[in-house]
Amino acid sequence: ATPGVWVACDNSPQHQVLSVTSSMVAPVQSQLKELGVRCTLLTTTHGFHSPMVEPAARAVSQRASSEVKPPSIPFTSNVTGGWHGDMDLCFDDSHTHSYWGLSLIHISEPTRLL
C-alpha cells in the first residue's frame, strides 16, 4: 500500500480507477508509465471512494440522521441494491443514522464491478 493512493473502482481485471492525493498524482502517473500501464487523469471535485471523503460523509450522516424524510418517489439503495422499503431502516427513526452512515461510508470505499 502506498500512502495517499487507493483503489477507487475495480471495473474489470484490466481496468481500475485510483483515487490519489494531489501530491501523489505525478508520482503515480510516472510509475504507471514506467510499468507500461496506460493511465488517464480524471478531473473530479473530490477523492471519491477513498478515505479522503470520510470527513464529508460523517458530516452528511450526522445531519441526515435528524433531517431525513420519506422519499416522494421510490429509489434504490446503493447499499442493499433493493428498493427503499425492502429494508425499513431508511425511515425508522431509530435506524436512520445507521442506514445513512452506512450509505455514506459506501462513498469512501472501492466500488467493485468485477
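No experiment lies behind these values; they were computed from the predicted model shown. Numbers for residues simply follow the sequence, beginning at 1.
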Where at least one partner belongs to residues 24-40, residue pairs that pass side chain to side chain donor-acceptor pair (under 3.5 Å), sequence neighbours excluded: none
Where at least one partner belongs to residues 47-57, residue pairs that pass side chain to side chain donor-acceptor pair (under 3.5 Å), sequence neighbours excluded: Ser19-Ser50, His49-Thr111
Closest approach of Cys39 to Leu32 (non-hydrogen atoms, all atoms of both residues): CB-CD1, 3.9 Å
Atom of Val20, atom of Met52 and distance for their closest heavy-atom approach: O-CE, 3.6 Å
All side chain to side chain donor-acceptor pair (under 3.5 Å) counterparts of Ser23, not counting sequence neighbours: Thr21
Count I, L, V, M, F, W, Y as connected when their side-chain heavy atoms are under 4.5 Å apart, and connections chain through other members. Are [X] and [Y] then in the same cluster?
{"X": "Val17", "Y": "Val37", "answer": "no"}
{"X": "Leu41", "Y": "Val28", "answer": "yes"}
{"X": "Val53", "Y": "Leu42", "answer": "no"}

Worked verdict on Thr2 versus Met24 for side-chain contact (heavy atoms from CB on, under 4.5 Å): CA-CA 9 Å; Thr2 302; Met24 290 301 294; 3.7 Å; yes
From CD (Glu109) to SG (Cys9), nearest 0.5 Å: 13.5 Å
